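Some notes on the structure that comes next.
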2 protein chains.
Amino acid sequence: MADVATAAGVSPMTVSRVINGDARVLPATRDKVQEAIGRLGYVPNPAARNLAGARQCRLVLLHTNPSAAYLSEFLLGSLASARKSDAELIVEQHDSGESPAALAARLAAHRVDGVLLPPPLCDDEALLASLASQRLEVAQVATGAPASTAHAVFIDDEAAAFAMTMHLLEQGHRRIGYVSGSPDQSASHLRRRGYKRALKDFGIDIEEVLIVPGDYTYRSGLEAAERLLNPSIRPTAIFAANDDMAAAIVGAAHRMALDVPGTLSVCGFDDTAIATATWPELTTIRQPVSAMAHRAITILANSIRRKDGSQSIAMQRVLLPFELVRRGSDARLEAGT
Amino acid sequence: MADVATAAGVSPMTVSRVINGDARVLPATRDKVQEAIGRLGYVPNPAARNLAGARQCRLVLLHTNPSAAYLSEFLLGSLASARKSDAELIVEQHDSGESPAALAARLAAHRVDGVLLPPPLCDDEALLASLASQRLEVAQVATGAPASTAHAVFIDDEAAAFAMTMHLLEQGHRRIGYVSGSPDQSASHLRRRGYKRALKDFGIDIEEVLIVPGDYTYRSGLEAAERLLNPSIRPTAIFAANDDMAAAIVGAAHRMALDVPGTLSVCGFDDTAIATATWPELTTIRQPVSAMAHRAITILANSIRRKDGSQSIAMQRVLLPFELVRRGSDARLEAGT
DNA sequence: CTGAAAGCGCTTACAG
DNA sequence: CTGAAAGCGCTTACAG
C-alpha cells in the first residue's frame, strides 16, 4: 500500500479511502490511485484490514445432514457471497446430540458474530433461543416460520405447492397423491397446505388416503410409493414434497412396470441435482438456493457491521421467487386412462 | 494476549510460545499460561497471527462440475482441515471455457499460494503445466497419474477394482459386465485394468462386449444398462466405475423387472451418498474422501510454509487405503440361474 | 529458557 | 478533501 501511495503521490490514507470507496476523494485523485493500483498489481491484505478495522465479521454456517445436493449448492453460494462481503465463513456441523451449551462454547471459541441456519436447523426453536441469548445475529434460510430473533430468507412454499398442484390439475389430473415432508420442518406444513388449497379451490374433495407422510429421504419416498401405488387407490399423479422422494417414486413405479409419465405423473420440489439425474427428469419447483445464501449472508454482514449504536435494528424478512420448472415426469391425463 | 501474560506473570512472548507449542518453555511456565488462557477464555486472533507471521497460507480449491455428493464431502473435509492447518481456503470454479491466462490472473488476484485439484481437474495437463509455471504448489487428489510438478493423494484404484471384481468372482459370477468411467480421468483406466486383471487371474476370458463405456453420469449408466441388460448378452453381475452409474443400472434393471440382487448383482465405486439412497443399497468401494482432502491440505500448507531456502522439496505421493463395503446390491450366484 | 523491541499492512479517530 | 499519528494483536529476530 505504501508503494502505491508513493507511486500515486498521495498518502497511504488516501489509498485506503479509494479502496474502501470513500465518496469524498476527488475523482482526479481517485484515478491516479486506481492507476497506480493497477500498474503495481496491488491487492489489499485482508488480514491487515481485519486487524486494523473493528468491522471484522465472522459467520458460521451450521448444518446437519441435509441432502448432499442441497448442501453443496448452498455451501458454494455461501462461500462466494462471504468472500464478496468480506466476511469470514466457517462451516460447522451441529447434530442433535450436541447440547446448546457445547455449541455455544464452540461458537465463542471461534469468535463468531453471526449464524447461518439452513434447513432443518432453521426450525430448531431451542437452538434459535440459545443463539439469541448469546446475542448472535442469526439468519434462517428457507424456513416457513421466521423467528422474532432472527432474519429470514425464504420462498413462498405454500404458493409454490399450490402452483404445482394447479399445474397437475390443469393437466387433467383429479386424483393427485401427496407425499409430505418431515413434520419438524416448517416448510413441510406450508407445502401440504398449498396442495390442499389448490384442490379445494378447484372444487375437488381431499382424499386423506392420498396424503402420505414422508421425511424427505429417498427411503421414505419408497415407502410412500408402496402405499400410493397400490392398485386399489393409485392416483394418476403424485406430488412429493421434495425431489429425493419424487425420484424414489419414479424408481418404484418403474419397478412395478408403470410408465412415467404415461401412466403416472410425478412431480418434486427443490430442483436439486437428483431432479435431472432420474429418467425422465423431474418437473419440480426451483428454489433459488444460492441466491438465498447470498441474501442471508449480506443481511448478516450488514447488520453485524452496522451494529454501532442503534442496537436493535428490525429483523429482515426476504421473500425470493420460486419457479415451476417443467421437465419430463408429468403429462396430460388422457381421457381413457 | 496481554491480559493472559499479566495474569500468568510472564511476557506476551511466552504466551505466544505456549500457543505455538514451543518445546523450550518450562512445563511449570506452560501450565501457568495454560491456566490463565483457560480462565480468561482467551482465543488467539488469526488475523493478527497472519499479519505478524510471514507464514500465511492461502489455498484455492478448484472444481468443475463433479457430482454434488463428492463435492460436498470433499468441501467439508477441506474446510475443516484448512482451519486446523491455519490456512485460508477459497473455493473457485474453473470450467473448460476459461483460459489458463484468465485463471492465472484470478489466482494472482487472490494471492494464492497453493492449489487443490480434485477430479476431474487433477488430470488436466494443460492446467497442471500452467499452474507449475506460476510456481504454485499444487496437490492432485484422487488422480491416477501424479504429475512431476505436483503432490498427489490417491487410493490404489487398480487394486480396488481388482478387489471388487474378485469379490464378484468369489460369489460365483463368471460373466461380469463393466461400465467404465470417462477416459479423460486417469483413474478410469486404472479401474478398468483392475477389473480385467482379476478376470485374467481367475482364468476367465474377457468378453469385450461386456465392457461398455460410461462417463460417470447417471445418464451414461442408463445407456450402458440398455446395452448390458439386453437378454442376448446379459451378464449375472455388473460392476460400474462409480456409484451414479451403478444406481442407474439398478434403476434400469427394476424397470425391466429384473430383481437386484436376485437376478442381477450390481456394484459401484466411491461410496458417495447415492450408494445408500438406492434400494437395495450399493455394495461399493469406499474412497476416504475427507481424509484425502485433509492430507492434500496438510501437504500443501507444510510445503508452502517450509519454502524457506531449501526450495525444491520432493513432491509427495500419498497412498490411502480403500475399503470394500458390502451392502445389499450383490448376491451369490445360485446354481440354477 | 525468557524477554524487550520492532514491525506485519492496514484502519480508526483526529486535524486541518 | 487529504494527511500524520497511533494502534489493531500477534510474531519475528535478537539478546541474555
Side-chain angles (χ1 to χ4, degrees), chain A residues 1-34 36-37 40-58 86-88 109-111 113 301 304-309, chain B residues 1-37 40-58 85-88 109-111 113 301 304-309:
Chain A
M1 179 159 124
D3 297 344
V4 174
T6 56
V10 298
S11 76
M13 197 50 246
T14 301
V15 177
S16 170
R17 288 201 178 95
V18 171
I19 291 165
N20 293 295
D22 189 318
R24 293 170 306 183
V25 186
L26 280 181
T29 326
R30 179 193 312 283
D31 291 346
K32 272 193 306 186
V33 175
Q34 294 284 23
I37 288 176
L40 273 50
Y42 166 76
V43 184
N45 178 329
R49 306 182 77 169
N50 283 344
L51 223 210
R55 55 206 212 71
Q56 215 167 133
C57 175
R58 187 179 303 204
D86 229 328
E88 187 177 351
H110 290 319
R111 310 170 142 218
D113 306 298
I304 285 164
R305 290 188 173 127
R306 207 191 306 122
K307 215 178 198 171
D308 31 38
Chain B
M1 178 157 126
D3 298 343
V4 174
T6 56
V10 298
S11 75
M13 197 51 246
T14 300
V15 177
S16 170
R17 287 200 179 93
V18 171
I19 292 165
N20 292 294
D22 189 317
R24 293 169 307 182
V25 185
L26 280 181
T29 325
R30 177 192 314 282
D31 291 346
K32 273 193 307 188
V33 176
Q34 294 283 23
E35 187 276 331
I37 287 176
L40 271 51
Y42 165 76
V43 184
N45 179 329
R49 307 182 76 168
N50 282 344
L51 223 209
R55 55 207 211 70
Q56 215 168 131
C57 175
R58 186 180 301 206
S85 296
D86 230 328
E88 187 178 349
H110 290 321
R111 308 171 143 217
D113 305 299
I304 286 164
R305 288 184 175 130
R306 208 191 305 123
K307 216 177 197 171
D308 29 38

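Letters A, B, ... mirror the listed sequences (proteins, then strands); counts begin at 1. All of these numbers come straight from a predicted model, not from anything done at the bench.
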Inter- and intrachain pairs under salt bridge (charged side-chain N to carboxylate O under 4.0 Å, His left out), touching residues 1-15 of chain B, at least two apart: none
C/dT2 OP1/OP2 closer than 4.0 Å to side-chain N/O of B/Ser11: no
Between SG on residue A/Cys57 and CD1 on residue A/Ile304, distance to nearest 0.5 Å: 4.0 Å
Salt bridge (charged side-chain N to carboxylate O under 4.0 Å, His left out) pairs, two or more places apart, involving residues 23-34 of chain A: A/Asp22-A/Arg24
Intra- and inter-strand pairs of DNA chain C in dot-bracket (Watson-Crick or G-U wobble, both distances under 3.5 Å; | for another strand): |||.||||||||.|||
Option from A/Val15, A/Val10, A/Thr14, A/Ile19 for which side-chain contact (heavy atoms from CB on, under 4.5 Å) with A/Val4 holds: A/Val15
Whole-Å gap separating P (C/dT12) and CZ (A/Arg24): 11 Å
Which residue lies more 5' along DNA chain C, comparing B/Asp22 with A/Ala2 via nearest heavy atoms: B/Asp22
A/Met1 CE - D/dA4 P separation (whole Å): 12 Å
Contact under 4.0 Å: B/Thr14 side-chain N or O vs C/dG3 OP1/OP2: yes
Side-chain heavy-atom pair A/Ser16, A/Met1 within 4.5 angstrom cut-off: yes
Short side-chain N/O contact to D/dT2 OP1/OP2 from A/Thr29, under 4.0 Å: yes
For B/Glu35, side chain to side chain donor-acceptor pair (under 3.5 Å) partners two or more places apart: B/Arg39
Residue B/Arg17, side-chain atoms from C-beta onward, closest of C/dT11, D/dC10, C/dG3: C/dG3
OP1 or OP2 of C/dT11 under 4.0 Å from side-chain N/O of A/Ser16: yes
Whole angstrom value for the distance that separates P of C/dT2 from CG of B/Leu26: 4 Å
Residues that B/Thr6 engages under side chain to side chain contact (heavy atoms under 4.5 Å, CB included), provided they are two or more places apart: none
d(CD1, A/Ile19; P, C/dT11) in whole Å: 6 Å
Per A/Met13 side chain, nearest of listed nucleotides C/dT2, D/dA4, C/dG3: D/dA4
Value in whole Å for how far the C1' atom of D/dC1 lies from NZ of A/Lys32: 12 Å
